[in-house]
Every structure is written in C-alpha cells, then in structure tokens.
*Asks:* 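Before I ask anything, let me first share the structure, which is written out below as structure tokens.
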Amino acid sequence: MNSEQALNRYTLRLADNALILAQRMLELVAAGPELEEELANANFALDYIGQARMFYSYAAEREGQGRTEDDFAFMRDEHEFGNLLLLEQPNGHFGDALVRQFLFEIFYRHLLDALTQCADQRLREIAARAIKEVDYHCRHSSQWMIRLGDGTGFSHARVQASLDDAWRFTGEMFVADDVDKLMQDGFDGPDLAAIHALWRRDVGKVVAEATLDLPADEWMADGGKQGRHSEHFGFLLAEMQYLQRSFPGATW
Amino acid sequence: MYTQGLDQAGKDKQLASEAEDRLSAFQARVDAEEKIEAKDWMPEAYRRTLVRQISQHAHSEIIGMQPEGNWLTRAPSLKRKAILLAKVQDEAGHGLYLYSAAETLGVSRDQMVADLLSGKAKYSSIFNYPTLSWADIGAIGWLVDGAAIMNQIPLCRCSYGPYARAMVRVCKEESFHQRQGFDIMHALCSGSDKQKAMAQDALDRWWWPSLMMFGPNDSESKHSAQSMAWKIKRFSNDELRQKFVDVTVQQADFLGLSIPDDDLQFDDTTGHYTFGEIDWQEFLDVIAGNGPCNRQRLEKRKQAHDDGAWVREAAQEYALKQAARTAA
C-alpha cells in the first residue's frame, strides 16, 4: 500500500464512521426523552449523513472507477467497512447512546482539527466544514454527561455503568495502523498519540465535572478500522442496504 | 333578602349585557380580519376550540414522525435518507412550535402530552395506517402532506395570531415535503415494473385515507359553522376535499398511476371530478382506535415518554443543584 492508496482507505474510514453513527442515531428517531432532544438527535444525524456523503464522494472521485456514494454505502459487505467498533454498538438506553456520542465526538473533533492542517486540500475543506458541526455536538453531549452524572443518584449510577461499558471500545481510536501511519507521514495527517492526550484531557474534564469516575484502561477491543466488526454490524447493514440489494441497479 | 335579591338580578343583567358587548366587539374584530392575540379577551369556547385544534395538530406532527421514521434506516440512497430525515426533523419542529402556540392559550405542554398519552386527545387518523414499502414514503409526502397543505394554507389567515404565524412557517416546509413525496413517486414511476407496482400499491392504500383527512361531509361536521364564523376555518371540508381531488387526479395521470375509484370521472358542466363514496365506517373505526396502527403508535409514544423519565428527572435535579450553587 502506498500513501495514495492509504488516503483512499482513510477517506472511506471517515465516511464509514459518519454513516454508521448516523444509522444508529436514526434508530432513535421518535424515541427521545424530550421533543427538544428529538430535534437535536435528528439534526446531528443529518450532519453526519452530510459528512459521510462528502467523504464518500471524494473517495469515489479518487478511485475513479465510476462508483458512487451509494455504491460505497449500500453495496459493500461488512469486512469492507472501516468504522470504529464503538459506533456500531446497539443504542441501549439514553445514557448508553450518549456516552457513545460523547467519547467519539471529543475524539472526532480533535481528529478533524488535525485534518484541517493536513496536506490534502479536499480533506482540509471537508474537515473545516465538519468541525463547526461537531463543535456543537461536543457541547451538547458534554452538557448531557454532566446533567446525568451530577443529576439523580439513579442517573449517576446509570451513566457511570454506560461509561464503564463503552470504555473498551475507545482504545481503537488511538492505535495507528498502516493506513494511519501512511496518512500521517505522507499527508501530514493526524498524530493519534497527540490526539489521545488531548482526548484524555477533555474527556477527563467533563467526567470530573459530571462527578463520574474515568474507567481504567484495561483490555481494549479493536478491528473495526480493519473490517473485523461485531455481530451487531451485519444486522445494521442488512437493514440499511436492503432496498439497494433487492433491486440491483434501480434508481430511486 | 328581598332587596338583596333585586340588586343581584340587576347585577346579573348588567354582567350579561357587558358580556354581550364584549362578544360582539370580539366578533367585530374577527370580521374586520384583525388578529386576536394571546392577551386579548376571547370567548371561552373560542379558546377551547383553538386549544383542541392546535394541540391535535401538534400531536399529529409528533405521531406522524413514526410512520416515516419507519423507513429512515432503510431509505434507498443517502440523498433520500438525508431528505427524509430533514422532513422528520421538520415535523418535530412543527410539533414544538404548535405546542408553543397552544401554550399561549393557557394550557401547558405537559398537560397536552398527558392528554395524548392517556388517549383523551386525538391526532390525525391518517398516521394509524402502516408504511409497508418505500413507496409509502412517497405517497405520504404526495397525498398526505398534499391534503394537509390544502387544510393548512387557509390557517395562515386564522384569526388567532400565534397560530396563524406558526402556520406560515409550517406551510412553507409542508410544501417542500409534498414536493419530495411527488419526486419519490416520480422516480418510482420512471423506474422498473416492480418499482411502478410499488408506487401503484401505495396509491391504492393511501388514496381513500387521504380523502378522509378532510373530515366528515359538511352535513355531518359538528364544529364547522362556529369555526367559520370565528375565521379559524375558511373553507368547508367538502370544498377542500374537492380541490384536493381535482389537483391530485391530474398529478396521478402525469405519473401514469390509476386512482383506485371506479366512480371517478370529470364533470364537464362543473369543471370538477366527481368521485365515489368514502367508507365512513372505516373513518369512524380508525378514530375510535381501531385502525391498523393505533395501539402501536400510542404504545411507542408512551414507551419513549416512560424510557425518558429518568433523563428528564436528572436534568431537573441538575438544574436545581445548579440554581442552589449559584444562589450560595
């Protein structure tokens, strides 16, 4: 793999992260705890779909083989998706879904920030646009972490359990594989070790204000970026891809 | 006692005459097309009618998120997914500002939501029908939102200011929704035989329920006359239904779809389409709770409300703690 191929793979991973998280958020529509949260969830999911479309379109252009954004989203199999395992996990309750958003968004915000400085112009442009949206998402998820953590005894215990449960999926964000390394070396891409430090600082600050405890870094799951997913993922794709697979070549 | 009695009778008479004066002054303002605002005096029945109508409208927006939300995870392209999500988000937004408009009449959102969940308040019966294929998302936009617009455009001129102003924004977004629905149908009708069959099947199932959305025939409509006098309502149910049929039949022709009504024909003398008899028993059944999805829709709403209770309690508790910290 050369650095140009790595950039293609990297762009698809960014797209997959945004799409798979959005897909999980869509399952939450009409199930929110408050009407205002319905609006926030739909609004943020819409941001992620928009980002996925920009990344997929760019990946399609770079590949130059006539594939479209929809071919990437609907006609690839599980092992071809490079999203983080955290994002494909089932929603659980409001606290579980919130913790997933929070842990990812703080990471993603720093990742996008680094990408606004990378050597690839299109990724710089997309990142510059996406970071404005994700800034707002981070504020929203951080505030809810604090409300639930420093809310009732019940909400505190519940969100602490969500945090403990999701923690094992965070290691994968910061383990640089060949794609990440080639991206960093060839295109001044993100330095995951540096982002890890920033992420720990920001997550730690919110968790402390929420009167919660940071879980210990024990065993971490990985494989999502390389296409080795959890059992849940096949069902997510089956549902998402069903119409495109049932009517091959149809226009919608 | 006797003297006191006489005094009371005089007072009653005076009060009655004052009330009559206020009532005619109110009607004069309505007749002059002035907007009635939240702080203005209004007859109690006017207020009650508006609370009922606006809250029903808000509930319909909220319940309406479910049949469409049913296809968000399965939308056939990223573009369609994004458009459908934007539409469902608009509906949540409509619910929010309609609840706010109703709150100006002195009823709380909590109370309105409680009435929805207890089954006391109604919502549009159309949302008790299932979305069985992707084409149903097209049919809802084209027919259901199309019918809703016919009903709602006149509401932008409703005599009650907060409702009229909310409806201006709602209608702008609804017309986008109607167009996206027609666009989905158009794509299906320009597609394969299977896609066309999917579109026809959706029209077959949604046509009659869409006609029912305009409510009972004028001869049976119990709230109509007073609402017309108060300029809450501007056109009768049958007038609006006729307008909808006239416009929609031509759109179906353009799409190459058949309206599922053997009695449908164009009347040269009136310039309108005549159409078959609506199955009013079905309409009454669905209103009474016996539509295909009544229980499912309400159960899902209750479930969301119950599942969210601990979240709302936590937010409230946190707000109290914050207030105490600020005060300290």
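Quick note: numbers below take in every heavy atom, side chains included, and nothing from hydrogens, waters or symmetry partners. So you know, we letter chains A, B, ... as the sequences are listed, proteins then strands, and number each from 1.
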*Asks:* More than 12 non-hydrogen atoms from neighbouring residues, nucleotides or ligands closer than 6.0 Å to CD on A/Glu209, yes or no?
*Replies:*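 For A/Glu209, atom CD is not crowded (no more than 12 foreign heavy atoms under 6.0 Å).
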
*Asks:* Answer yes or no: does atom CZ of B/Arg295 have more than 12 heavy-atom neighbours from other residues, nucleotides or ligands under 6.0 Å?
*Replies:*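 Check fails, neighbour count at 12 or below.
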
*Asks:* May I ask you to name which of A/Phe154, A/Tyr56, A/Phe74 has the most heavy-atom pairs under 4.5 Å with chain B?
*Replies:* A/Phe74

*Asks:* Heavy-atom count check: over 12 atoms from other residues, nucleotides or ligands less than 6.0 Å from A/Arg147 CZ?
*Replies:* yes

*Asks:* Do you know which of B/Ala315, B/Ala314, B/Ala309 has the most heavy-atom pairs under 4.5 Å to chain A?
*Replies:* B/Ala314

*Asks:* Considering only heavy atoms from C-beta outward, does the side chain of B/Met198 approach that of A/Phe247 to under 4.5 Å?
*Replies:* yes

*Asks:* For chain A, find which of B/Gly69, B/Ala82, B/Gly191, B/Ser190 contributes the most heavy-atom pairs closer than 4.5 angstrom.
*Replies:*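 Maximum pair count with chain A is reached by B/Ala82.
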
*Asks:* Checking A/Leu39 against chain B: side chain, backbone, both or neither under 4.5 Å from a heavy atom?
*Replies:*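 When you check distances to chain B, atoms from both the backbone and side chain of A/Leu39 fall under 4.5 Å.
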
*Asks:* Is it the case that more than 12 heavy atoms not belonging to A/Tyr136 sit under 6.0 Å from its OH atom?
*Replies:* no

*Asks:* Is it the side chain or the backbone of B/Val311 that comes within 4.5 Å of chain A heavy atoms, both, or neither?
*Replies:*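 Both parts, backbone and side chain.
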
*Asks:* Search all heavy atoms of A/Glu69 against all heavy atoms of B/Lys79 and return the closest pair with its distance.
*Replies:*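 A/Glu69 and B/Lys79 have their closest heavy atoms at OE2-N, 4.2 Å.
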
*Asks:* Using heavy-atom distances under 4.5 Å, tell me whether A/Gln244 contacts chain B through its side chain, its backbone, both, or neither.
*Replies:* side chain

*Asks:* Heavy-atom distances under 4.5 Å only: say whether B/Arg312 touches chain A with side chain, backbone, both or neither.
*Replies:*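 Looking at B/Arg312, just its side chain touches chain A.
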
*Asks:* Using 0.5 Å steps for rounding, measure from the CG atom of B/Leu78 to the CZ atom of A/Arg53.
*Replies:* 6.5 Å

*Asks:* Shortest non-hydrogen contact from A/Glu239 to B/Arg74?
*Replies:* O-CG, 3.4 Å

*Asks:* If you tally heavy-atom pairs under 4.5 Å against chain A, which of B/Arg80, B/His305, B/Gln303, B/Lys194 wins?
*Replies:* B/Arg80

*Asks:* Output every pair passing ring-ring contact (aromatic ring centres under 6.0 Å, His included) with a member in residues 84-103 of chain A, not counting sequence neighbours, ordered by first then second residue.
*Replies:*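 Those involving residues 84-103 of chain A are A/His93-B/Trp310, A/Phe94-A/Trp144.
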
*Asks:* Looking only at heavy atoms, what is the nearest atom pair of B/Leu85 and A/Leu46, with distance?
*Replies:* CD2-N, 3.5 Å

*Asks:* Name the member of A/Gln241, A/Glu36, A/Gln143, A/Arg24 that forms the most heavy-atom pairs with chain B at distances under 4.5 Å.
*Replies:*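 Top option by heavy-atom pairs under 4.5 Å: A/Glu36.
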
*Asks:* Can you confirm whether A/Arg76 is buried at CZ, in the sense that more than 12 heavy atoms of other residues, nucleotides or ligands lie under 6.0 Å from that atom?
*Replies:* yes

*Asks:* Looking at side-chain heavy atoms only, is the closest gap between B/Tyr318 and A/Thr152 below 4.5 Å?
*Replies:* no

*Asks:* Please look at A/Ile146 and chain B and tell me whether the side chain, the backbone, both or neither of the residue comes under 4.5 angstrom of a heavy atom of that chain.
*Replies:* both

*Asks:* Any Lys/Arg nitrogen of A/Glu34 or B/Arg109 sitting under 4.0 Å from an Asp/Glu carboxylate oxygen of the other?
*Replies:* yes

*Asks:* Measuring heavy-atom distances to chain B, does A/Ala45 have an atom under 4.5 Å in its side chain, in its backbone, in both, or in neither?
*Replies:* both

*Asks:* Of all the heavy-atom pairs spanning B/Gln195 and A/Thr251, show the shortest one and how long it is.
*Replies:* NE2-O, 2.9 Å

*Asks:* So how far is it from B/Leu72 CG to A/Leu28 CG, rounded to the nearest 0.5 Å?
*Replies:*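 CG of A/Leu28 is found 11.0 Å from CG of B/Leu72.
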
*Asks:* For B/Lys300 and A/Ala30, work out which heavy atoms get closest and say how close.
*Replies:* CE-O, 3.6 Å

*Asks:* Among A/Gly249, A/Ala31, A/Gly151, A/Ser155, who wins on heavy-atom pairs under 4.5 Å with chain B?
*Replies:*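 The answer is A/Gly151.
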
*Asks:* Using a cut-off of under 4.5 Å for heavy-atom pairs, which of A/Leu19, A/Leu35, A/Leu148, A/Thr68 has the most such pairs with chain B?
*Replies:* A/Leu35

*Asks:* With a 4.5 angstrom heavy-atom cut-off, is it the side chain or the backbone of B/Ala75 that approaches chain A, or both, or neither?
*Replies:* backbone

*Asks:* With the threshold set at 4.0 Å, does a side-chain nitrogen-carboxylate oxygen contact exist between B/Glu313 and A/Arg158?
*Replies:*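 No.
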
*Asks:* Between CZ of B/Arg325 and CG of A/Asp150, what distance do you get to the nearest 0.5 Å?
*Replies:*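 If we round to the nearest 0.5 Å, B/Arg325:CZ and A/Asp150:CG are 4.5 Å apart.
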
*Asks:* For the NZ atom on B/Lys321, are there more than 12 heavy atoms of other groups (residues, nucleotides or ligands in this structure) within a distance under 6.0 Å?
*Replies:* yes

*Asks:* Any side-chain heavy-atom pair from A/Glu38 and B/Ile62 closer than 4.5 angstrom?
*Replies:*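 A side-chain contact is absent here, since even the closest heavy-atom pair is not under 4.5 Å.
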
